[in-house]
Amino acid sequence: MAPKKVVIFTDGASRGNPGPAAIGVVIQDEIGQILETISLCLGKATNNQAEYRAMIAGLEKARDIGATGVEICSDSELVVRQLSGEYKVKNASLTPLYLKTQQLCRGFTSFKVHHIPREKNSEADRLANQALDSPKQRRKPPGAPAIKSRRATQSDYPDMLSIFIELEKQHVEGVPDFFRTMSHEERVKEFDSAMADEHAVLMVAERGTEVLGYILLKIKEPEVGSMLRPRRFVKISYLCVARRFYRSGAGTALLAAAEDWAAERRIEAIDLNVWDFNRGATAFYEKMGYKTVSRRMWKHV
Ligand SMILES: CC(C)(COP(=O)(O)OP(=O)(O)OC[C@H]1O[C@@H](n2cnc3c(N)ncnc32)[C@H](O)[C@@H]1OP(=O)(O)O)[C@@H](O)C(=O)NCCC(=O)NCCS
């Protein structure tokens, strides 16, 4: 049975502020039994960004397990006071995270946020630090800067093209009846039209000067005159990381940037398609909290 009310302990940690960051979350039922925990690396973030991301992850998990009421406990005084309306959000990088947190809170019938001392938040703190000490962090070349996302420019095209060619090959081999190999001109045209589209964005993840992957997002407006409820969402057209940077955290960083981009536009959902052969991507999206909601079927006759 779904728990009615849960207590969520959250902690965000950043080594460098900004620097490699991670979140720790513990979700308990009303009698203190642990229902869920989260321990996840974020890529580069500030302490306050990580604190918000921990809350967002905790609220999303609480929603997914069917909780109707939540109490959040955090040792970040700033974030707690911002959420309770005592402090204004002045830092632009926190605004989308604040909006996203508020939006999630509104989905519960009851919501409270408490500031607690650090020593009462030790399990969430341990989970955040466990993620920071995880093999993922250790896989980072020593001294390498953290991964960050930014809008792509035309000078990123060469890197993006070689990453796209890997994605294209993977899909042509995976579903040869459906995918084909594009020409160089077609690929560049696709980038150009995405850059010119005011309802789209191309972002890259980079570490230092190295481009690790990119994402193409498009806003989809509600369909009119069908049986569908009007629904505005962001569609992930492409998300791809260079093969040599798989499991580097680049996909996570790009997805976090996509969620911020959607939240800044007050768009509440992100949709994407994954082919059945693509088990790695499916596992990745599931890990990031995405759910399968439909199944496309076909038969060749
Ligand atoms: C899917 C993809 C974007 C993931 O990017 P990434 O940078 O490798 O992923 P991350 O390092 O951020 O992974 C985060 C977590 O997701 C999960 N994950 C990622 N790839 C996985 C895989 N192949 N198998 C199982 N779990 C995976 C893991 O839990 C991982 O954390 P861990 O490495 O600490 O265990 C990348 O593999 C890719 O570009 N694949 C080819 C293109 C593609 O399939 N795109 C999606 C098309 S819909």
Side-chain angles (χ1 to χ4, degrees), residues 13 20-25 36-45 50 53 57 60-61 127-141 144-149 152 156 159-175 178-179 181-182 187 190 194 202-208 210-218 233-260 270-296:
I23 58 172
V25 178
E36 297 278 349
T37 60
I38 302 172
S39 171
L40 197 69
C41 290
L42 296 177
K44 186 178 178 180
R53 287 210 178 282
E60 286 178 337
K61 183 61 89 182
L127 288 165
N129 281 295
Q130 175 184 297
L132 279 174
D133 294 330
S134 69
K136 170 150 300 205
Q137 284 303 327
R138 290 201 294 275
R139 278 203 294 276
K140 190 163 81 74
I147 298 171
K148 59 180 187 170
S149 304
D156 296 312
D159 289 318
M160 284 163 48
L161 280 165
S162 67
I163 298 169
F164 181 79
I165 288 166
E166 288 181 359
L167 173 93
E168 190 185 70
K169 187 164 178 282
Q170 176 201 25
H171 282 71
V172 170
E173 285 171 6
V175 202
F178 194 84
F179 290 105
T181 304
M182 290 161 74
R187 293 177 190 133
E190 196 151 307
L202 259 173
M203 288 188 275
V204 293
E206 67 181 1
R207 193 164 58 195
E210 214 162 24
V211 171
L212 315 187
Y214 75 90
I215 192 164
L216 169 58
L217 304 172
K218 288 185 182 167
F233 62 94
V234 168
K235 174 90 196 274
I236 299 181
S237 296
Y238 294 110
L239 166 57
C240 39
V241 170
R243 196 172 281 273
R244 66 185 192 287
F245 297 123
Y246 280 5
R247 307 296 278 265
S248 63
T252 305
L254 286 165
L255 215 45
E259 291 176 11
D260 288 351
I270 300 190
D271 285 27
L272 58 101
N273 293 323
V274 189
W275 288 88
D276 237 21
F277 78 85
N278 201 350
R279 300 292 154 128
T282 306
F284 163 74
Y285 286 121
E286 281 172 352
K287 174 85 183 181
M288 299 294 131
Y290 286 68
K291 303 262 175 311
T292 303
V293 289
S294 78
R295 191 165 281 274
R296 176 177 179 155

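Start at 1 with the first residue, then count along the sequence. Counting convention: from 1, in listed order, for ligands and their atoms alike.
- Of all the atoms in ligand 1, the ones that sit under 4.0 Å from a non-hydrogen atom of A250 are 7 (O).
- Side-chain contact between T252 and F284 is present, with at least one heavy-atom pair separated by less than 4.5 Å.
- Neither the backbone nor the side chain of E166 comes within contact range of ligand 1; no heavy atom lies under 4.0 Å.
- No side-chain heavy atom of F178 sits less than 4.5 Å from a side-chain heavy atom of H171.
- Which parts of ligand 1 touch N273 is read off a 4.0 Å heavy-atom cut-off, strictly below it: atoms 48 (S).
- Inclusion of S248 in the set of residues having an N or O under 3.5 Å from an N or O of ligand 1 is warranted.
- Other residues, nucleotides and ligands place more than 12 heavy atoms under 6.0 Å from the NZ atom of K235.
- V234 is not listed as a side-chain neighbour of E259, based on a closest heavy-atom distance of 4.5 Å or more.
- Within ligand 1, counting atoms from 1 as listed, the ones closer than 4.0 Å to a heavy atom of G249 are 7 (O), 10 (P), 11 (O), 12 (O).
- Counting heavy atoms under 4.0 Å from ligand 1, residue L254 does not touch it at all.
- In the vicinity of T252, heavy-atom distances shorter than 4.0 Å reach the ligand 1 atoms 10 (P), 12 (O), 13 (O), 14 (C).
- Within the structure, the closest approach of M288 to ligand 1 falls below 4.0 Å when heavy atoms are considered.
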Hey, mind stepping through Q170 and N278 against side-chain contact (heavy atoms from CB on, under 4.5 Å) and telling me if it holds?
-> CA-CA 9 Å; Q170 176 201 25; N278 201 350; 3.3 Å; yes
side-chain contact (heavy atoms from CB on, under 4.5 Å) between D159 and Y214: does it pass, once the steps are laid out?
-> CA-CA 9 Å; D159 289 318; Y214 75 90; over 6 Å; no
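- Side-chain contact check for V25 versus K61: every heavy-atom pair is 4.5 Å or farther apart.
- For ligand 1, none of its N or O atoms has an N or O atom of L167 under 3.5 Å away.
- Backbone and side-chain nitrogen or oxygen atoms of Y285 are examined, and none is located within less than 3.5 angstrom of a nitrogen or oxygen of ligand 1.
- Summarising the contacts of atom 47 (C) of ligand 1 with L40, V274, N278, T282, the nearest heavy atom is found in N278.
- In this structure, L212 has no heavy atom closer than 4.0 Å to ligand 1.
- Considering backbone and side-chain N/O of C240, none are found under 3.5 Å from N/O of ligand 1.
- Taking a cut-off of under 4.0 Å to the non-hydrogen atoms of A281, the atoms of ligand 1 that pass are 1 (C), 44 (O), 46 (C).
- At a heavy-atom distance under 4.0 Å, no atom of R279 approaches ligand 1.
- Side-chain contact between I236 and I215 is present, with heavy atoms from C-beta onward closer than 4.5 Å.
- For ligand 1, the polar-atom distance check against R247 finds a nitrogen or oxygen pair separated by under 3.5 Å.
- For the pair Y290 and I270, the minimum side-chain heavy-atom distance is below 4.5 Å.
- Not a single heavy atom of S134 lies less than 4.0 angstrom from ligand 1.
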